[in-house]
Amino acid sequence: MACNSSTCSSSGCYKEYKEEEHHKPKTRAAVNGGDSRQNLCVKCKSSESVCCGIGGEDSRFCKDCFKNNLYGKFKQAVTYNAMITPPDKVLVAFSGGPSSRVLLQFVHEMLYRARKNYDASKDKSLPVFGVGVAFIDESSIHSFPSQQIEKAIGDIRSIVLNLGPPSKELFVVPIENIFASFGIDCKERLKKLLDALDDVTGKEDLLIHLRMLSLQKIASENGYTRVVLGSCTSRIACHVISATVKGQGYSLSADIQYVDSRWEIPVVLPLRDCPAQELNTLCSLDSLKIVELLNGPCSGINGLVSSFVKVLQEENPSRECTIVRTAGKLTPFHFNAIPEIDDSNVPSATRRHHRRHGLKSNASLSSELFCPICNSPLKKSNSSSLTNESPQTSDLFVAACSSCQFQILPKDPSLTEQFVSLLPQPIIARAKHCDRGNASSLREQIQDFLLSDDDDEI
């Protein structure tokens, strides 16, 4: 948004965009008038439109206005939810696809403006946030030729390098490195783990969980305070339907909020309000290079849902937004709530917005127990009932959510121990923590019926 102050130097102020658009020279179409006005940008009313948003003919934009509109959605999400503040050090998850490519470009532009404002300020009171880029290399589980993989990684390095200053550290980390603490052949361990899964959907979901663990490991070891994902409206819409099909309705609201702090390093989704169609259009207009090799299609339930949502989108371009907007009405969890901010480094407008829109403690769901595999919040009733399983059942099977039990964990109890031995250490550690949490939760429920030491003596 734009302010009325002539001295404003905020990196979130769009006054400079409005001034640029006001002084744009009128095109020949605008001067001549007539039917050619139908091709004018609906925002600046002076330049010819070159693309349409998801609103169709009612959202025709010129190149500059289209980019400013999309960047405005990104910046509003970042500012209102305090996703990136001056003291932060953010890690951008980059896959090479259109969504993460636009995310990287927007974060770079935001960083560039912040650095420019810092250099122009006299007191230097607000620091400039740091940016790193992480690419999780999954070539060990795909049958891509080694030459193509090397070229794809080289393209990714070139994309990050060509962004220009300020410089950004790039981490290219194989996904099997999550097993590095075992001191064994990581690739072989990952292959055995995936081969132990018969369910195609379960295998894809486990890879998603391992990818997040890898990002958390990189962020934690290198001092990052945020993990920024390029999950857009389209991807979140698919997740809403697929999670419902998989029986993850209780934990669904945890995955679709702007902020997710259940992880050690909070995860944020600044492109939540940006559809994939608009992101693809921007990549085409700005000639943003993407790496398609490593973005394979989904299969199983995820693939079916993706195809279904695509058909819905073709019938009505706003369907994805409607799905996400409807799911957004679900009650979020306490770790999705916007925290109260007292940091003087955070803009006053952001602090006021947090006080106005911050979720109250009684308006959010609370969950102290999480699935050790997918980290989904669990109902206390479900988790406590699981403790009644046979003693031979492993801690992991007892602590896992119903979706992971059905799609990821082996059906044969005799194979459970072998499967658990192949999992990375963070999942095993979470399983033990959840098991202790289950016992604690059960004790709280029966506390009134337990005998005290004095009663025992009597």
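Positions are given from 1 along the sequence. When reading the values below, keep in mind they use all heavy atoms of this one structure, side chains included, and skip hydrogens, waters and symmetry mates.
T85 contributes no side-chain N or O that, together with a main-chain N or O of A82, makes up a donor-acceptor pair within less than 3.5 Å. The backbone N or O of K89 lies less than 3.5 Å from a partner atom in the side chain of T225, making a donor-acceptor pair. At distances below 3.5 Å, not a single donor-acceptor pair connects side-chain atoms of D88 with backbone N or O atoms of V90. Listed for the S158 side chain is no donor-acceptor partner under 3.5 Å among the backbone atoms of G154. Formation of a donor-acceptor pair under 3.5 Å by the T322 side chain with backbone atoms of S318 is found in this model. A donor-acceptor contact shorter than 3.5 Å is absent between the side chain of S306 and the backbone of N302. Proximity of a side-chain donor or acceptor of K75 to a complementary backbone N or O of M110 within less than 3.5 Å is not detected. Proximity of a side-chain donor or acceptor of Q405 to a complementary backbone N or O of A400 within less than 3.5 Å is detected.
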**OP:** List the steps and the verdict of side chain to side chain contact (heavy atoms under 4.5 Å, CB included) for M83 and V228.
**Re:** CA-CA 9 Å; M83 294 182 183; V228 189; over 6 Å; no
Original post:
Run the side chain to side chain contact (heavy atoms under 4.5 Å, CB included) check on K168 and L111 step by step: do they pass?
Top reply: CA-CA 10 Å; K168 302 156 193 68; L111 175 62; 4.1 Å; yes
**OP:** Report the C-alpha distance between F94 and V172 in whole Å, list the side-chain angles of each, state the deciding distance to 0.1 Å, and finish with yes or no for side chain to side chain contact (heavy atoms under 4.5 Å, CB included).
**Re:** CA-CA 10 Å; F94 185 62; V172 179; over 6 Å; no
Original post:
Stepwise, does the side chain to side chain contact (heavy atoms under 4.5 Å, CB included) test hold for W263 with M212?
Top reply: CA-CA 10 Å; W263 302 93; M212 176 57 74; 3.4 Å; yes
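With rounding to the nearest 0.5 angstrom, the CD1 atom of I178 is 10.0 Å from the CD atom of Q425. Here the straight-line distance linking atom OG of S214 with atom CZ of F179 works out to 8.5 Å at 0.5 Å rounding. How far CG of L163 is from CD of E109: 9.5 Å, rounded to the nearest 0.5 Å. The structure places CD1 of I373 at 6.5 Å from CG of L423, a figure rounded to the nearest 0.5 Å. Within the model, atoms OG1 of T233 and NZ of K73 stand 7.0 Å from one another, a figure rounded to the nearest 0.5 Å. Separating the CD1 atom in I175 from the CG atom in L207 is a distance of 5.5 Å, to the nearest 0.5 Å.
The stretch residues 93-104 participates, sequence neighbours left out, in no salt bridge (Lys or Arg N to Asp or Glu O under 4.0 Å) pair at all. Pairs passing the salt bridge (Lys or Arg N to Asp or Glu O under 4.0 Å) check and including a residue from residues 239-268, sequence neighbours excluded, read D205-K246, D255-R262, D260-R262.
Taking the side chain as every heavy atom from C-beta outward, R272 and V324 approach each other to under 4.5 Å. By the 4.5 Å heavy-atom criterion applied to side chains, F171 and L215 are not counted as neighbours. Counting only heavy atoms from C-beta outward, the side chains of V102 and C283 approach each other to under 4.5 Å. Side-chain contact between Y250 and C401 is absent, with no heavy atoms from C-beta onward closer than 4.5 Å. Side-chain contact between V173 and K217 is absent, with no heavy-atom pair separated by less than 4.5 Å. Annotation: side chain of N81 is not in contact with side chain of V268 (no heavy-atom distance under 4.5 Å). Contact of the Q216 side chain with the V267 side chain is registered, since non-hydrogen atoms from C-beta on lie closer than 4.5 Å. V78 is not listed as a side-chain neighbour of V107, based on a closest heavy-atom distance of 4.5 Å or more.
Summarising the geometry of T201 relative to I301, their closest heavy-atom pair is OG1-N, 2.9 Å, with the distance given to 0.1 Å. Nearest heavy-atom pair, I236 versus S231, reported as atom, atom and distance to 0.1 Å: CD1-O, 4.1 Å. Shown here for L422 and R189, the closest heavy-atom pair between the two residues is O-NE, 3.1 Å. Taking both residues in full, the closest heavy atoms of L210 and P424 are given as CD2-CG, 3.7 Å, listed atom of the first, atom of the second, then distance. Nearest approach of L213 to P426, heavy atoms of both residues: CD2-CB, 4.2 Å. The two atoms that bring L229 and A93 nearest to each other are CD2-CB, 3.6 Å, heavy atoms only.
Every side chain to side chain donor-acceptor pair (under 3.5 Å) that Q248 has, sequence neighbours left out, goes to S403. Listed by chain and number, the residues in a side-chain contact (heavy atoms from CB on, under 4.5 Å) with A219 are L91, Y224, V227, I265 (sequence neighbours excluded). Every residue two or more places apart in sequence or in another chain that forms a side-chain contact (heavy atoms from CB on, under 4.5 Å) with R115 is listed here: Y118, D119, V128, P166. Residues satisfying the salt bridge (Lys or Arg N to Asp or Glu O under 4.0 Å) test with K191, not counting sequence neighbours, are D195. With sequence neighbours excluded, the residues satisfying salt bridge (Lys or Arg N to Asp or Glu O under 4.0 Å) with E315 are R319. The side-chain contact (heavy atoms from CB on, under 4.5 Å) search around L330 returns L252, S253, not counting sequence neighbours. With sequence neighbours excluded, the residues satisfying salt bridge (Lys or Arg N to Asp or Glu O under 4.0 Å) with K289 are D155. Considering only residues two or more places apart in sequence or on other chains, D198 meets the salt bridge (Lys or Arg N to Asp or Glu O under 4.0 Å) condition with none of them. Listed by chain and residue number, Y71, F74 satisfy the ring pair (Phe, Tyr, Trp, His ring centres under 6.0 Å) test with F106 (two or more places apart in sequence, or in another chain). A search for side-chain contact (heavy atoms from CB on, under 4.5 Å) contacts involving D286 returns K63, K67, L282, L288, not counting sequence neighbours.
The aromatic rings of H108 and Y112 sit tilted, their planes meeting at an angle between 30° and 60°.
Inspection of the S234 and E320 side chains reveals an N or O donor paired with an N or O acceptor under 3.5 Å.
By the 6.0 Å contact criterion, CZ on R235 is open, its count of non-hydrogen atoms from other residues, nucleotides or ligands being 12 or less.
Here F335 and F370 bring their ring centres to under 6.0 angstrom of each other.
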